[in-house]
Amino acid sequence: MSQSMLPAIRIRMLGACTINFQEQSIRSTDHHSKKLWILLSYMILNRNREISQDEYIHLLWQKTTSSNPSGALKTLMHRLKKLLNILSYPEPVILPHHGTYAFNPNIPCQIDVEEFSSLCRAAEMEKDTETYPISLKHALTLYQGDFLPDIRENHWISSLNSQYHALYLHSARTMIELLINKEAYAQAANLCWQVLALTPYEESIHYHLIHSLYLSGSQQAALTQYNTSKELFLAHFSQFPSERFLGLYQIISAGTNHVETDIELIQDSLTEKTPTGTFLCEYEIFKELYRLETRVVKRTRSSIYLCLITIPEDSADKNALHTSMLFLKNAIMNSLRASDIFSRYSPSQYLLLVPAPNIEAMKQILNRILEIYYKNREVIKPEYAIRKLES
């Protein structure tokens with residue numbers, strides 16, 4: 001049968017590894033031999049060139065020694081042919097070729113990863129045409145996750161996975177920026193959600209999501225997502241996002257107020273609806289409040305203390321640090337008054353601004369915080385420093 005008359009095999013490698021022909025399918029999750037799937041995937045993606053027996057052996061047994069690698073390869077090929085028989089394809093899928101084996105080059109293949117790469121390249125070449133965003137959109141729908149995720153331990157696979165992942169993020173960022181420039185903010189935010197479902201820790205996509213929500217007029221949703229994203233990075237990486245990301249807070253918290261002559265409406269918008277516990281604020285706001293309190297101290301000679309509580313990072317792994325900081329936050333909120341102020345200064349530190357008659361009273365307040373903290377059976381001991389605000 002000529003190539004033009006042969007039916008196509010559909011192959012998915014992004015997000016899963018499946019081979020489909022008509023009603024039949026083979027999935028890597030159903031057949032768990034990783035070497036078999038590495039071999040098959042390699043043959044498919046290199047089906048238009050000759051592959052030597054030595055190349056196969058290096059691919060499959062580069063980190064192990066085999067007394068008879070040629071025999072092991074022959075056995076694996078036999079198993080592969082048997083697996084592919086499930087498809088009931090009208091022609092042999094694997095062919096002997098010059099003393100080795102090859103995927104039948106006459107079989108038409110619809111492969112998601114090849115189509116994805118082709119569309120991304122086409123988009124790059126069509127930047128000034130109407131087809132540019134169409135190619136990008138189609139490419140993004142094809143990317144359903146990591147390349148061959150069930151067998152990613154192989155160096156060849158992990159290297160390609162990094163390339164495809166980088167290509168996907170570049171295309172996604174480009175498409176999101178196109179949508180923002182067209183003022184299609186809701187579409188941009190929806191695309192950000194789709195990308196984050198596959199790559200949840202990509203900071204640039206979190207940035208675009210928050211910015212899109214803000215530009216669409218959803219200031220509160222943008223602020224909520226900002227805090228959610230920041231906490232995600234603190235929990236996963238034990239560090240704050242970049243300065244550019246943190247700078248978003250100043251943009252979205254500024255808002256855009258229209259002219260309003262009814263002061264009661266303005267007061268209502270300023271009023272905290274359900275005040276709960278000590279006032280936790282962003283560091284940028286904390287700085288402004290600190291400077292304001294410094295002016296108050298100058299005028300009233302009142303006694304206010306700046307306190308820094310630190311969880312020693314060298315005594316806690318990432319998960320333990322996240323848990324300890326959560327307990328410390330709750331202890332602070334349950335110990336201080338509603339009028340007191342605190343902020344997260346770093347992944348392992350909180351800053352407090354608290355009025356107290358003297359330093360001994362301030363130490364008692366801090367010891368009360370630590371007492372509540374230790375009730376959670378925490379073994380990591382926080383350290384604190386105190387400094388009185390000077391006029």
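- Side chain of Y350 to main chain of I332: no donor-acceptor pair is present (N/O by atom type, distance under 3.5 Å, no hydrogens or angles).
- In terms of modelled atom types and a separation under 3.5 Å, the side chain of N161 and the main chain of F147 share a donor-acceptor contact.
- A salt bridge links E284 and K287; the closest N-O separation between the charged side-chain nitrogens and carboxylate oxygens is under 4.0 Å.
- For Y56 and Y101, the distance between ring centers is not under 6.0 angstrom.
- For R344 against L280, the heavy-atom pair with the smallest separation is N-CD1, 4.5 Å.
- Using a 4.0 Å cut-off between charged side-chain N and carboxylate O, K329 and E231 make no salt bridge.
- Counting all heavy atoms, side chain and backbone alike, S335 lies closest to A331 at OG-O, 2.6 Å.
- Contact check on R291 versus E288 returns a salt bridge, with a Lys/Arg side-chain nitrogen under 4.0 Å from an Asp/Glu carboxylate oxygen.
- Between Y374 and F327, the distance from one ring center to the other does not fall under 6.0 angstrom.
- Between the side chain of D112 and the backbone N or O of M13, at least one donor-acceptor pair lies under 3.5 Å.
- Listed for the R295 side chain is no donor-acceptor partner under 3.5 Å among the backbone atoms of V297.
- Of the listed residues (Y226, F240, Y283), just one forms a ring-ring contact (aromatic ring centres under 6.0 Å, His included) with Y249, and that residue is Y226.
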